[in-house]
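What follows is a single structure, written as C-alpha cells, with notes after it.
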Amino acid sequence: MLKYLFAKNEDIPPGTTAIFFGFSSIIWFVIGTGIGSFNAAKLAFPDFVTGYEYFAFGKMRQVHVLAVILGWISMAFAMAMTYITPALGNTRLWSEKLGVWNVLIWNVGLSLALTLLWMGISSGREYSDIIWPIDLAIIFGVLFPLGANVWMTIVTRRTQGIYTTNWFFGTGIFMVIIVFLVGNSPEFFNLTGLSEAYMTWWFAHNVLGLWITPVAAAIAYYTVPKVTGNPLYSHRIGHLHFWSVVIFYSTPAAHHLMSAPLPEWLKSFASVEGVLILVPAIAFVSNLLLTMTGKWHMFVENVEIKFTITGVLLAIPLNMQGGFQQTRAINWYIHGTGWIVAHAHLALLGFSTFLEGAAVYYGIQTLLRRKLYSLTLANFHFWFLLIGFCTYWISMTIAGLIQGAGKIYEVPYIDVVIAEHPYMIARWVGGTMVFTGNVVWLYNMWMTARVGTEIPVGRLPHELAYER
Amino acid sequence: MAFREYKIGARMFGAALGGSMMITLYFPTSDIVLVGSTEWGLQKALSYGRIGGFSYEDPLMRGEGKPVTVTLDKDPATNQPIDPIHAYVYPPGVPFPSAINHPRTAGKVVAELSTTKGRINEADHQKGAVFVVAHAEAGGEVTAYIENASVTRNWNPQQVLDAAGDENSAYVGSGKIMFVREGCWWCHTLLPEQTQDWQVFGVPPRLGDFNSESPTAFGSDRKAPDLLHVGSRNSSKEWMMMHFFNPRLVQPHSIMPRFDYLWGKNDANGKPIDFDQWRAEYTKYAAGERVYPPEVPDYAPKSDIRYLMDFVLSLK
C-alpha cells in the first residue's frame with residue numbers, strides 16, 4: 001500500500017482502493033464481532049475476565065458498535081462505491097490516489113477513535129459517542145474525500161444516464177456528511193437539555209436511515225442484476241424507493257424517544273412517518289425479488305446471490321418490526337428492552353451485512369481477477385453468519401419480551417435478570433458463531449488473493465464457480 | 001450532468017431534504033428552547049457544570065474542572081444559622097454551565113429572574129462563584145431561579161468549601177463524568193418511561209428537567225434498574241460501596257461488572273489495596289470455603305468511586 005501513496009495517480013492499478021477497503025472491512029468485521037462476542041460473554045457470565053479496567057463491559061460496548069458501523073459496514077460501503085460507481089459509469093475511479101489515502105486515514109483515524117472510546121473518552125451520546133475533534137476528522141478526512149471520489153466518478157462517467165445504484169451512492173455519502181455535521185452540533189456548540197437528547201437520536205436514526213439502509217440497498221440493485229443477468233425489474237419502483245427514503249426515512253427521529261418528555265406533536269408526527277418507512281421498504285424488496293424471476297436456482301447455487309437475497313428477505317421482518325414497533329401501541333411494551341437490541345442486529349447484522357458481504361465477495365474476485373479460493377468455506381461462512389445471527393435475534397427477542405412483561409407487571413428487576421440468563425448464553429453462542437464465520441471468511445479471502453485460480457479475460461467469477 | 005431531469009431532480013432533492021430538516025430540526029428545537037427550567041433542572045445544571053462528557057477542561061475525563069455541591073446550615077460569610085441549603089461552588093477557573101453563560105437556555109422567566117434578582121451576569125468564572133437556587137413569584141407562580149451568592153450574599157468559593165467540610169461536600173459533577181466514562185448508562189437508564197415506570201422507578205422526568213444538561217445520557221438499552229431516582233429508593237452508602245466493589249456481595253444474581261478498580265491504588269488511610277488478595281478471598285467465599293466475604297476497603301476522599309457515589313446518591 002505504501003508504494004501507492006506517493007505514486008502518480010495513473011500508475012496506480014484500477015481497483016487498488018477498493019481492494020484495500022475490502023480487506024480492511026473484513027478485518028474490522030473480525031475485530032468488531034470478536035469484541036461483540038466478548039461483551040456477550042460478560043452479560044452471560046459477569047465474572048468472566050474481571051478486575052481489569054479496560055475489559056469492563058461499559059468500556060467495550062461502544063467499541064463493538066462503532067467498529068462494526070464505521071469499520072465493517074461503512075468500509076464495505078466504501079469498497080462497493082469505489083468499484084461499482086466506476087463500473088456503472090464505464091470509467092475509472094476519479095482518483096485512486098485519493099482513494100488509497102482515504103483507506104489509510106480511515107483505518108488510522110478509526111483505530112484512534114476506538115482507542116479513545118475504549119479508554120472511556122466519549123461524548124456520552126449513543127452512536128455519536130466519538131468526541132467532536134474526531135468527528136470533524138471523520139467528516140473532512142474520511143467522508144468528504146470518499147464523497148469527492150464518488151461524485152467526481154459519476155460526473156466523469158462515460159454513460160448517458162445514472163443507474164439507480166449510483167443515485168443512492170451519491171446521495172448517501174452526501175446525506176451522511178450532513179448527518180454528521182448537524183447531528184454532532186450539540187458537541188460543537190454545547191447544545192444542552194432536550195435539544196441534545198433529541199439531536200442524539202436524530203443522528204442515530206439518520207445515520208441508519210440515510211446512510212446504512214439506502215447504501216446497502218444500492219448494493220443489491222447492482223449485485224442482483226449483474227450476477228443473474230436479469231435487468232432490474234422496474235426503474236420506476238427504484239424512483240419510488242429513492243424518493244420515499246429521502247422523505248420518509250429522514251423524518252421519524254423522535255420515535256426513538258417515545259417515552260421521553262418531548263413535545264407530543266413531534267412524537268405523533270414521527271410515529272406516522274415511521275409507519276411510512278414501509279413505502280421504501282416494500283418498493284425495495286419487491287423490486288429485487290421480481291428481478292430474480294427465472295433465476296431462483298442461483299439463490300441456492302451462487303454465493304453472492306445467496307448473501308444478497310438473504311439480506312433482501314431479512315428486510316421484510318426488519319421493516320415490519322421497524323414500522324410498527326415505534327407506534328405508541330407497541331412501543332410502550334418493548335421500548336428499552338432486548339427486543340430493540342435484536343432489531344438493531346437484524347438491521348445491521350441481518351439485512352445490511354448480508355448485502356455488503358455479497359459486494360465484498362464479488363468485488364474482490366472481480367478486481368483481483370481470481371476465483372474464490374473455496375466455495376465450501378464461503379458456504380460455511382454463510383451458514384455460520386445466518387445461524388449465528390438467528391440464534392442471537394431469536395434469543396434477544398424472547399429476552400426483550402420477558403423484559404417487557406417484567407416492566408408492565410412490575411416484577412423486581414433482579415427476577416428479570418435471572419429469567420434472561422439462558423437467553424444471554426444463547427446470545428453469546430450466536431455472536432461467537434458469527435465471529436467464527438468471519439475468521440473463516442478472512443482466511444478464505446486472503447487465500448483467494450494469494451492462490452485463487454485466475455479468471456480468464458471476458459469471464460465473470462460466478463460463471464466459473466463450479467469449474468475446477 | 002447533461003440531462004434536464006438531473007437538474008430538476010437535484011432541486012427536488014434539496015427541497016425534500018431541506019423540508020425534512022425544517023420539520024425535524026427547526027420546529028422541534030424552536031419549541032424546546034421555550035421550555036422553562038424546573039427547580040430540579042436548575043439543581044442538575046448547577047451541580048453538573050458545563051459538560052458531562054469530553055471537554056476542554058477535562059480532556060481525559062478524570063472529573064476535573066467541575067463544581068462541588070455542598071450542603072450548608074450556617075451562612076459562611078456571617079456564621080449565622082440558616083435553613084439547610086445546597087450551594088454549588090465553582091472554584092476559580094471552573095467553567096459555568098450553559099444556564100449561567102447563556103441564561104435564556106433556562107427559559108425566559110427563569111432567565112429574567114436569575115439576571116435581575118439573582119445577578120448571575122455578574123459572575124466571572126476566572127474568579128470563581130457560588131450559586132444557590134432561590135424562589136420568587138413571577139406571573140402568579142412560584143418559580144425557581146439561580147442566585148449568584150458570591151454577589152448577593154458575599155460568599156466566596158473557598159470560604160464555602162471550608163465551612164461545609166468534606167462530609168458535606170459532594171462531587172456530583174465529577175461523578176457524572178465517571179457515570180459517562182465508565183459506561184454505566186449502557187445498562188442503567190436515566191429515563192423512567194412515561195407509560196409504566198411510575199411505581200418501581202418513580203416519576204418520569206418533565207420537559208424542563210434537562211435545560212442546560214449535556215449529555216443527558218438517557219440510555220436506550222436497559223439491562224438494569226433505572227437510576228433517575230435511585231437516591232430516593234436507596235441512600236445507603238455502605239450498600240452502594242459493597243455493590244460497586246463487587247455487586248455479587250449484595251445481589252448474588254447481579255450481572256453488573258465489578259468496579260473495584262475505581263478505588264484506585266490506596267484506601268482512605270493511604271494504605272495500598274491488595275486487590276489480588278481480596279479477589280482470592282472472595283473466590284473462596286463464593287465457593288463456600290469462607291463464612292464471610294472479605295471487607296470492602298474504605299475509599300480515599302478524592303477517588304473516582306467517591307465521585308461516582310456522590311453522583312448516584314444525588315439522583316433523588
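Within every chain, numbering begins at 1; the chains are lettered A, B, ... in the order of the sequence lines, protein sequences first and strands thereafter.
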Under 4.5 Å from any heavy atom of chain A - which part of B/Cys184: neither
Can a donor-acceptor pair be found, under 3.5 Å and without considering hydrogens, that links the side chain of A/Thr192 to the backbone of B/Ser212? yes
Nearest non-hydrogen partners of A/Ser122 and B/Met61, listed with the distance: N-SD, 3.3 Å
Check the surroundings of atom CZ in A/Phe45: do more than 12 heavy atoms from other residues, nucleotides or ligands lie under 6.0 Å from it? yes
Within the distance-only criterion (no hydrogens, no angle test), does the side chain of A/Tyr413 pair as donor or acceptor with the backbone N or O of B/Val200 below 3.5 angstrom? no
Go through the atoms of B/Leu191 and report whether side chain, backbone, both or neither lie under 4.5 Å from a heavy atom of chain A. side chain
Check the pair A/Gln62 / B/Trp186 against side chain to side chain donor-acceptor pair (under 3.5 Å), numbers first and verdict last. CA-CA 9 Å; A/Gln62 64 275 41; B/Trp186 291 123; 3.2 Å; yes
Rounded to the nearest 0.5 Å, what's the gap from OG1 on B/Thr29 to CG on A/Leu194? Could you check? 11.5 Å
Grab the two heavy atoms, one from B/Tyr261 and one from A/Ala56, that are nearest each other, plus how far apart they are. OH-CB, 3.5 Å
Treating A/Glu196 as the side-chain partner and B/Thr216 as the backbone partner, does any N or O pair qualify as donor plus acceptor under 3.5 Å? yes
Using non-hydrogen atoms and a 4.5 Å limit, figure out which bit of B/Pro28 sits close to chain A: side chain, backbone, both or neither. both
Test side chain to side chain contact (heavy atoms under 4.5 Å, CB included) applied to B/Phe210 and A/Ser195, step by step: CA-CA 9 Å; B/Phe210 305 101; A/Ser195 304; over 6 Å; no
Take B/Lys223 and A/Glu420, measure what salt bridge (Lys or Arg N to Asp or Glu O under 4.0 Å) needs, and give me the verdict at the end. CA-CA 10 Å; B/Lys223 298 186 272 300; A/Glu420 279 184 307; over 6 Å; no
I need the full list of ring pair (Phe, Tyr, Trp, His ring centres under 6.0 Å) pairs touching residues 7-39 of chain B, with sequence neighbours left out, sorted by first then second residue. A/Phe174-B/Phe13
Looking at CG of A/Leu262 and CD of B/Gln194, how far apart are the two atoms once the value is rounded to the nearest 0.5 Å? 8.5 Å
Contact class of A/Ile340 relative to chain B, heavy atoms under 4.5 angstrom: neither
Measure the spacing between CD1 of A/Ile408 and OG1 of B/Thr195 and express it to the nearest 0.5 Å. 10.0 Å
Determine whether more than 12 heavy atoms belonging to other residues, nucleotides or ligands lie under 6.0 Å from atom CZ of B/Arg279. yes
Does CZ belonging to B/Arg62 count more than 12 external heavy atoms closer than 6.0 Å? no
B/Leu207 versus chain A, heavy atoms under 4.5 Å apart: side chain, backbone, both or neither? both
Verify the neighbour count for atom CH2 of A/Trp428: are there more than 12 heavy atoms of other residues, nucleotides or ligands below 6.0 Å? no
Working to the nearest 0.5 Å, report the span between CD of B/Gln196 and CH2 of A/Trp332. 6.0 Å
Measuring heavy-atom distances to chain A, does B/Ile23 have an atom under 4.5 Å in its side chain, in its backbone, in both, or in neither? both
Between A/Ile121 and chain B, which part of the residue has a heavy atom less than 4.5 Å away: side chain, backbone, both or neither? both
For A/Pro46 versus B/Arg248, what's the shortest heavy-atom pair and its separation? CB-NH1, 3.5 Å
So, the part of A/Met199 with a heavy atom under 4.5 Å from chain B: the answer is side chain
Please report the interatomic distance CG(A/Asp47) to CD1(B/Ile255), rounded to the nearest 0.5 Å. 11.5 Å
Heavy-atom cut-off 4.5 Å, strictly under: side chain, backbone, both or neither for A/His421 against chain B? neither
Taking every heavy-atom pair that is under 4.5 Å apart, which of A/Ala270, A/Ala344, A/Ala204, A/Ser250 has the most such pairs with chain B? A/Ser250
For residues B/Tyr6 and A/Ile162, report the shortest heavy-atom separation together with the two atoms involved. OH-N, 2.6 Å
Does any heavy atom of chain B fall under 4.5 Å from the side chain of A/Arg125, the backbone, both, or neither of them? both
Please report the interatomic distance CD1(A/Ile247) to CG(B/Leu17), rounded to the nearest 0.5 Å. 10.0 Å
Closest approach of A/Gln403 and B/Arg222, non-hydrogen atoms and distance? NE2-O, 2.5 Å
Could you give me the CA-CA distance, side-chain angles and deciding distance for A/Asn190 and B/His102, then say whether side chain to side chain contact (heavy atoms under 4.5 Å, CB included) is met? CA-CA 11 Å; A/Asn190 190 22; B/His102 312 286; over 6 Å; no
Heavy-atom distances under 4.5 Å only: say whether A/Ile178 touches chain B with side chain, backbone, both or neither. side chain
Which region of A/Val416, side chain (C-beta onward) or backbone (N, CA, C, O), has a non-hydrogen atom less than 4.5 Å from a non-hydrogen atom of chain B, or is it both or neither? neither
What residue in B/Thr24, B/Asp58, B/Val180 has the most heavy-atom pairs under 4.5 Å with chain A? B/Thr24
On a heavy-atom basis, the closest approach of B/Phe218 and A/Ala197 is CE1-CB, 3.4 Å
